[in-house]
Amino acid sequence: MKEEYTEIIEDAARYIENFDKPARKLIAQLRIGNLSGLSEVVNAVEGAQWLLKVCMSLKQEGLVRFEAHDQITRNLANSVSEIEEAFSRNDITLLADVLEYEISDMVLKMSDILKEVK
């Protein structure tokens with residue numbers, strides 16, 4: 001593996017490792033109508049976008065097979081659109097669903113991709 005990617009991969013692995021618990025807490029808060037963590041939704045989406053960029057860079061360097069990147073990219077774009085729609089309609093249920101079933105799932109898929117690093 002190229003040494004310049006070691007730190008990035010370690011950062012990505014730490015981000016993924018630390019994603020689940022706060023995400024579940026945020027989702028639970030949204031489900032009961034607690035809107036105090038709305039800014040964390042933006043952070044979760046930005047984190048997922050960063051992970052996608054990391055995985056795409058690793059693919060370009062030949063360090064991982066990342067055949068699913070087109071699908072994950074489309075899913076992320078759709079998720080961002082759904083989040084924007086949820087905000088515009090004040091639909092907290094949709095927001096929680098997108099975080100739970102789409103963003104979280106995507107982060108887990110990228111975790112699997114990072115485990116392939118050569």
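Source: prediction; values computed, not measured.
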- Determine which pairs satisfy ring-ring contact (aromatic ring centres under 6.0 Å, His included) with at least one residue from residues 70-91, sequence neighbours left out, and list them in order. none
Identify every side-chain donor-acceptor pair in residues 41-55 under 3.5 Å, counting partners at least two apart or on other chains, and give the distances.
residue : atom : partner : partner atom : Å
N43     : ND2  : E40     : OE1          : 3.3
N43     : ND2  : E40     : OE2          : 3.4

- Task: List in chain and number order the residues that pass side-chain hydrogen bond (donor to acceptor under 3.5 Å, both in side chains) with R14, two or more places apart in sequence or in another chain; answer none if no residue qualifies.
- Result: D11
- To the nearest 0.5 Å, how far apart are CG in L114 and CG in L63? 11.0 Å
- Message: Working to the nearest 0.5 angstrom, can you tell me the gap between L99 CG and R24 CZ?
- Response: 11.5 Å
- With sequence neighbours left out, what residues match K21 under side-chain contact (heavy atoms from CB on, under 4.5 Å)? none
- Message: Show every ring-ring contact (aromatic ring centres under 6.0 Å, His included) that has at least one partner inside residues 14-40, sequence neighbours left out.
- Response: Y15-F19
Please tabulate, one pair per line, all N/O donor-acceptor pairs under 3.5 Å involving side-chain atoms of residues 26-39, not counting sequence neighbours.
residue : atom : partner : partner atom : Å
R31     : NH1  : D97     : OD1          : 3.0
R31     : NH2  : D97     : OD1          : 2.8
R31     : NH2  : E100    : OE1          : 2.6
N34     : OD1  : S36     : N            : 2.9
N34     : OD1  : S36     : OG           : 2.8

- Message: According to side-chain hydrogen bond (donor to acceptor under 3.5 Å, both in side chains), who are the partners of K109, at least two apart in sequence or on a separate chain?
- Response: D105
- Taken in chain and number order and not counting sequence neighbours, the residues that satisfy salt bridge (Lys or Arg N to Asp or Glu O under 4.0 Å) with E85 are R89
- Task: Determine whether L76 and I103 make a side-chain contact, defined as any pair of heavy atoms from C-beta on separated by less than 4.5 Å.
- Result: yes
- Item | By side-chain hydrogen bond (donor to acceptor under 3.5 Å, both in side chains) - contacts of S79 (at least two apart) | E102
- Note on the structure: dist M110:CE -> D112:CG (nearest 0.5 Å) comes out at 11.0 Å
